[in-house]
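The basis for the numbers below is simple: all heavy atoms, side chains too, and nothing from hydrogens, waters or symmetry mates.
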Amino acid sequence: MDVLFEGQAEIRFTHPDDFREWVRTHKKREPVEKLMTEREAIARLVSDGDYLAYDFSSLTRGPQALVREIIRQRKRDLWVCAEFTLHESALLVGSGCASRIDVGFMGYGSYIGKVVAEGRVRVFEWTNGSLAFRMLAGARGIPFIPMRNLLGTDTLRHSGAKVVQDPFTGDPICLVPALNPDVFLVHVHQADVFGNARIFGTNLFALEAAMASKKVIVSCEEIIDPSEFRKEPSKTTIPYFLVDAVVHLPFGAYPGGVQGRYDLDLEHIDKVNAITNDQEMQVYLQEYIYDIEDHTTFLEKKVGWKRLQELIRRAAIKEGYH
Amino acid sequence: MGVVEFTDTELMICSAARLLEDRKTVFVGWGMPQVVAMLAERLYTPNLVQVFEFGAIGPRSLTPFVRGTMGGPSNVYQSLQWINMNWAFSYAVTGYIDYGMIGALQVDLYGNVNSTLLGGTYERPGRRFPGSGGGNEVASLCWKTIIVLKHEPRRFVKLLDFVTSPGYLDGPGAREKAGLPRGTGPWRVVTSKALIGFDEVTKKMTLLGVLRGVKVADVLEGMGFEPLLDAKLQEIEPPLDEELRILRQEVDPSGLIIRGERMRTER
């Protein structure tokens with residue numbers, strides 16, 4: 001197959017056999033209890049230089065408490081998969097944790113746009129669809145996957161995709177490399193202590209990313225008994241043997257919401273998005289992350305039960321989330 | 001004859017909603033397109049199947065529009081199916097999605113779209129924006145793409161600062177030559193003054209209509225290129241009372257999306 005065009009972006013790439021070796025040696029097949037604190041999970045499983053991915057959106061079921069813990073532990077040189085992301089990328093860059101971003105959608109608020117323009121974080125151009133497809137290839141154990149878009153654009157030029165002549169149709173086709181993140185963070189509705197997990201509602205690539213990533217941290221609203229999963233197997237989103245840590249973090253998506261449980265807190269989200277410069281960023285990080293010991297303290301001191309009750313009350317739509 | 005007052009955003013929303021067909025499918029992006037789809041569903045296309053990149057297939061979104069509901073419960077209410085992103089885009093790439101709707105920072109004569117950066121270089125842009133999101137997928141894979149943007153001359157440029165999502169690239173046959181699916185491409189550009197299509201042969205932008213009371217010269221003034229003029233130029237009717245009532249009272253009563261520059265036109 002002739003390569004007709006090559007995008008310029010640097011990519012994080014793992015040979016499928018290297019990933020298989022990782023799974024063979026690091027992923028425990030037997031169910032062991034993986035319940036731990038967020039501090040322990042991030043300290044054990046996130047290393048400087050890691051490639052980090054997460055599901056779902058900043059406003060709905062994002063792993064916000066885990067992201068805050070990464071910032072609290074001052075991890076460095078992370079490469080972030082900014083898929084469908086709003087303020088996480090800004091906080092991870094503003095805290096000095098992330099140095100590279102694969103961009104699917106990197107909004108909103110002016111801080112992140114400014115630091116990219118100043119050249120303080122390296123960005124590589126993708127799309128929401130191509131990053132999801134890369135994750136699918138990672139989960140399929142194949143080195144790349146062909147797709148029908150990116151073609152003809154500057155997005156392609158600044159991505160790490162390649163265009164080849166498709167041996168079946170003879171037409172040009174875009175190949176995107178598999179993505180095998182070092183760490184995948186996912187906040188779910190229900191999990192058991194072994195790591196079986198249930199998500200209600202839609203997702204980006206929860207199963208794909210859990211399967212494609214070397215280390216998987218699940219945080220959950222609720223811990224349920226393992227026998228529940230065997231009663232209704234069609235509800236299992238992620239089986240335990242993909243998972244390395246389970247953290248019980250009620251309201252773990254705050255300031256985002258979790259479907260059927262609590263609504264997002266737009267006032268707090270506005271506060272994050274109003275950050276325009278480093279000074280304001282440092283003030284926010286100090287007040288809401290560095291000075292706060294853990295997620296429980298964050299909820300107690302920075303949100304309060306009264307506010308949480310209000311957010312629970314606002315989550316009036318329950319249909320489908322059970 | 002009276003005078004009707006509205007915002008530029010309301011006009012764009014109403015014009016775009018009138019373009020959609022009932023019993024068809026549309027890929028809907030965040031923000032204004034969501035509101036367009038809600039208005040269309042309530043007034044013109046009750047059986048429109050809305051598809052969202054985050055995996056909601058055929059929801060009947062609850063009103064009022066709540067800011068920040070991309071993927072949230074009111075946005076995905078009463079869907080036919082809840083699935084994930086790879087499957088959502090699969091509906092588009094296999095040809096099931098009739099319309100796609102996206103916004104733009106800049107467009108060129110062939111309907112190519114920039115939503116990534118303005119000025120400077122890629123490494124050091126003058127201003128950086130969120131990027132493609134799912135826009136590149138929508139513009140590449142849906143049968144007919146509708147581009148919605150404010151009618152400002154600086155947005156209509158000869159050369160885009162960055163080609164985020166493909167229009168007809170550099171002319172007839174270019175999409176197919178690049179490997180994009182056959183028979184797809186930009187179909188309409190909805191602005192706050194005009195409705196624009198694309199010439200079947202040359203694939204160049206063609207002015208189809210202007211808002212009542214606006215002169216063609218006003219529409220063309222300052223644009224970085226000259227679109228073709230359709231032989232039967234239409235007059236775009238300003239927002240109808242019923243459209244404005246639904247938008248202001250039911251869909252977006254707090255004015256999160258419909259706010260904008262005030263305009264007025266004779267009824």
Side-chain angles (χ1 to χ4, degrees), chain A residues 56-57 59-61 83-84 103-108 112-114 116-119 122-123 125-130 132-133 135-136 147-155 157-158 163 166 171-174 201-208 257 259-260 263-264 266 269 315-317 319-321, chain B residues 30 52-56 62 66-79 82-86 88-89 92-93 112 114 116-117 120 122-141 160 162-166 169 174-181:
Chain A
F56 172 54
S57 86
L59 305 175
T60 308
R61 205 181 46 70
E83 166 99 12
F84 218 56
V103 178
F105 182 87
M106 186 181 59
Y108 42 55
I112 190 70
K114 198 180 283 181
V116 172
E118 287 168 2
R122 293 186 63 197
V123 292
E125 218 56 30
W126 298 89
T127 63
N128 281 348
S130 60
F133 238 42
M135 206 69 88
L136 179 63
M147 58 188 296
R148 296 294 305 277
N149 62 290
L150 290 184
L151 295 152
T153 62
D154 290 331
T155 309
R157 185 178 302 278
H158 292 280
V163 180
D166 168 7
D171 298 335
I173 187 101
C174 180
T202 71
N203 69 93
L204 294 182
F205 41 42
L207 178 59
E208 292 97 312
Q259 308 96 316
D263 204 3
L264 73 178
L266 273 172
I269 287 165
I317 301 172
E319 281 177 54
Y321 302 119
Chain B
W30 193 12
F52 291 84
E53 61 178 338
F54 51 82
L62 277 185
V66 182
R67 182 167 57 107
T69 53
M70 196 70 174
S74 58
N75 192 184
V76 307
Y77 191 61
Q78 295 203 336
S79 295
W82 284 343
I83 190 91
N84 67 14
M85 186 171 280
N86 280 318
F89 283 127
V93 76
N112 300 303
N114 174 15
T116 302
L117 59 85
Y122 176 73
E123 288 74 20
R124 297 294 297 273
R127 287 184 71 190
R128 171 73 209 206
F129 293 86
S132 160
N136 182 285
E137 277 78 22
V138 171
S140 300
L141 308 173
L160 298 179
F162 192 95
V163 182
T164 309
S165 305
L169 301 176
R175 281 176 75 93
E176 290 77 4
K177 200 175 149 208
L180 291 165

Answer with side chain, backbone, both or neither: which region of [X] has an atom nearer than 4.5 Å to a non-hydrogen atom of chain A?
{"X": "B:L160", "value": "neither"}
{"X": "B:E53", "value": "side chain"}
{"X": "B:F52", "value": "neither"}
{"X": "B:I83", "value": "backbone"}
{"X": "B:T116", "value": "side chain"}

At a heavy-atom distance under 4.5 Å, which candidate from [options] has the highest pair count against chain B?
{"options": "A:V163, A:L204, A:L136", "result": "A:L204"}
{"options": "A:A132, A:G113, A:G320", "result": "A:A132"}
{"options": "A:V116, A:L151, A:V103", "result": "A:L151"}
{"options": "A:G119, A:A206, A:A315", "result": "A:G119"}

Audit row: A:M147, B:F89, side chain to side chain contact (heavy atoms under 4.5 Å, CB included) steps and yes/no: CA-CA 11 Å; A:M147 58 188 296; B:F89 283 127; over 6 Å; no
Option from A:H158, A:E125, A:R157 for which side chain to side chain donor-acceptor pair (under 3.5 Å) with B:Y122 holds: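 Among the candidates, only A:E125 passes.
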In Å, rounded to the nearest 0.5 Å, how long is the span from [atom1] of [X] to [atom2] of [Y]?
{"X": "A:T127", "Y": "B:E137", "atom1": "OG1", "atom2": "CD", "result": "3.5 Å"}
{"X": "B:R127", "Y": "A:K114", "atom1": "CZ", "atom2": "NZ", "result": "10.5 Å"}
{"X": "A:L150", "Y": "B:T164", "atom1": "CG", "atom2": "OG1", "result": "11.5 Å"}
{"X": "B:N86", "Y": "A:N203", "atom1": "CG", "atom2": "CG", "result": "9.5 Å"}

Between [X] and [Y], what is the shortest heavy-atom contact and its length?
{"X": "B:N136", "Y": "A:N149", "answer": "OD1-ND2, 2.9 Å"}
{"X": "B:R124", "Y": "A:A117", "answer": "NE-O, 3.0 Å"}
{"X": "B:Y77", "Y": "A:E319", "answer": "OH-OE2, 2.9 Å"}

Can you tell which part of A:T60 gets under 4.5 Å to a heavy atom of chain B, answering side chain, backbone, both or neither?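 The side chain, not the backbone.
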Who among B:S140, B:G126, B:A92 has the most heavy-atom pairs with chain A under 4.5 Å?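 That would be B:S140.
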Report the option among B:G71, B:G55, B:S74, B:P73 that has the most heavy-atom pairs separated by less than 4.5 Å from atoms of chain A.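 Most pairs with chain A among the choices: B:P73.
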Checking A:T155 against B:S165 for the side chain to side chain contact (heavy atoms under 4.5 Å, CB included) test, could you report, in this order, the C-alpha distance in whole Å, the side-chain angles of both residues, the deciding distance, and whether it holds? CA-CA 8 Å; A:T155 309; B:S165 305; 5.9 Å; no
Please step through side chain to side chain contact (heavy atoms under 4.5 Å, CB included) for the pair A:M135 and B:M85, ending with a clear verdict. CA-CA 11 Å; A:M135 206 69 88; B:M85 186 171 280; over 6 Å; no
Do the ring planes of B:F54 and A:F56 sit parallel (below 30°), tilted (30 to 60°) or perpendicular (above 60°)?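 Judged by the thresholds at 30° and 60°, the geometry between B:F54 and A:F56 is perpendicular.
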What I'd like to find out is whether the side chain of A:E208 reaches to under 4.5 Å of the side chain of B:N84, using heavy atoms alone.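 A:E208 reaches B:N84 side chain to side chain.
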